[in-house]
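Predicted, not measured: the structure shown is a model, and the values here were computed from it.
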Amino acid sequence: MKQRCSIRISGFGGQGIVLSGYIVGKAASLHDKKNSAFTQSYGPEARGGACSACVVIEEGKISYPLVKNADFLIVLSKEGYEKYSDKVTAEGLTFVDSDLVSGALVDNQKVFGIPATRLAESMGKKIVANIIMLGFFTAVTGVISKEAMIESIKTSVKKSFIDINLKAFARGCEHAATIRGQE
Amino acid sequence: MEIRSRGIRKSIVSERHYRDRTSILVGEHFWQGDIAIAEGAIAADCRFFAGYPITPASEIAERMSLRLPFIGGVYIQLEDELASMAAILGASWTGTKAMTATSGPGLSLMLENFGLGIMTETPCVIVNVQRGSPSTGLPTFFGQADMMQARWGSHGDYEVIALAPSSAQECFDFTITAFNLSEKYRLPVFILTDGLVGHMTEKVVVPSPSEIKVFGRRKTKKPPQEYLPYEPEADLVPQMANFGEGYRLHTTGLTHDERGYPDMTIGTQDRLIRRLMNKIRQNADDIIIVEEKDIEDADVVVVSYGVTSRVVPSAVEKAKRDGIKIGQLRLITVWPFPEKRISELSEKVKAWVVPEINLGQIVREVERSVGKRSKVALVSHAGGDVHDPEDIYKVIKEVIQ
């Protein structure tokens, strides 16, 4: 991993975009013992529209805390993809909900796809699509350790929802394995 | 231990166990700047908060409303900012450390009673999480354009203390410093942060209570019959007594003598105003905190404060690669302004670069301190975002040529 790495998560307000950013930031900062800065949408888009959350992770002290072009883009809506797909670094990787983001060309090289919302629905809880996405992202990139993510999820969601979220995270990780299998 | 910022009612339930804990949440946390300010205040023994919610400062009030009831404190949401400021002054005179938090539009309303706090020498802390302005401006974006409002916003002649944190950790640390300075010098102290720092979530390490230095109230040891509420000590600050402790106390916004009674004469005005100013001016070296980097033998020095300090390093690194001898000076206390230090450095420094998210406020203080000895260049920004480091770099290149 590079010295500094930046992640942008985008989707509709309500898909758990801000929570996802918080979980990633907390995992990196408190559990992987690096430094992270998490910023989020505060305008009306946080309640609908193209909401975004950004996380900067660094081994050392973070000077510049904002994200312009992200090393990793995670998108859960078409609108989010249209808004941010070109704001990715040259070596950057994009992760999309392949059912919701129809415009993205999934090649599993630069753009990775997972039907996160459909998988979440099959688990009986559509709202955990964001966590499935995070599981997929974590397993493919290894930017954050799985253990750190699990700890972070446990302390970031309501107690009665911990189990379903951990299952969703595992489901996302499994899906990454199937992609590797294809290669 | 974390509290999500949404769903207040649910959070209160999860907060119940605070009753059994010490009030300081020792350990590592992933907190917003706003939360860190609230926790810093609690660590500094603040037990009264009055306020009126406003973006981007509302999370401070929210956190205080969740925390204070469980640690022997009081939280009140008032009808407006005028009342909020009045309430914290009143609370402080009961011996309780008090704070309020707002953004520019709210601060405009607080400033009348801020002046009362200056005149009555009431310790308290006022947080301004700056947003794009003037007027209601950019509620969900940030700015740094209230620097002069903090300095001169209330009527009359006075000195202020203001600190500018640039990270969540500093929000925690500097809030404690703000309380300490306000108790030591007996005046309302500002924390001038901004919407980006206030809303950004980062790691905050809360040290054990024994490692946190807290300056307590300067209570008088004199018996009531010998005590004069406004008789200054050697450092020009008078000792306090709380209302209701048997001391004869009177405090007023009118020009007053050492007994605290109105004495509207030219002589008393002269003595009082000079003392109020000098208690800060004469102790400026004790109050002022700056952070210097590579300042020795620098040809160019970049002066910054608050969130802008986090953009400066990338511009400075780039200039260094061009062989420019460049240093950084960060204002941790924006007020009082470190004019003595900048004046000293101006003997050697050839040019100063001042990036700020306004169209030129602190740059004037730098110019005043530098005089005609070296060049001073502003890198302005109207608000809503931080500078592009490239813009700062370009100005660095220009001034040195």
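- Interface residues of residues 134-144 of chain B toward chain A, defined by a heavy-atom distance below 4.5 Å and sorted by number: Thr140(B).
- One distance of note links OG of Ser36(A) with CE of Met200(B); it measures 10.5 Å at 0.5 Å rounding.
- Between the side chain of Arg310(B) and the backbone N or O of Tyr64(A) there is no donor-acceptor pair closer than 3.5 Å.
- Ranked by heavy-atom pairs under 4.5 Å with chain B, the list Gly25(A), Cys54(A), Ser152(A) is led by Gly25(A).
- Counting non-hydrogen atoms of other residues, nucleotides and ligands closer than 6.0 Å to NZ of Lys110(A) gives a total above 12.
- Heavy atoms of Lys68(A) lying under 4.5 Å from chain B belong exclusively to its side chain.
- For Leu66(A), the part lying near chain B is the side chain, with the backbone staying farther off; criterion is any non-hydrogen pair under 4.5 Å.
- Applying a 4.5 Å heavy-atom cutoff, none of the residues of residues 164-177 of chain B approach chain A.
- Atom OH of Tyr52(B) sits in a sparse spot, with 12 or fewer heavy atoms from other residues, nucleotides or ligands closer than 6.0 Å.
- Between Phe30(B) and Tyr22(A), the ring-plane angle classifies as tilted under the 30° and 60° cut-offs.
- Within the 3.5 Å criterion, the main-chain N or O of Lys34(A) finds a donor-acceptor partner in the side chain of Lys203(B).
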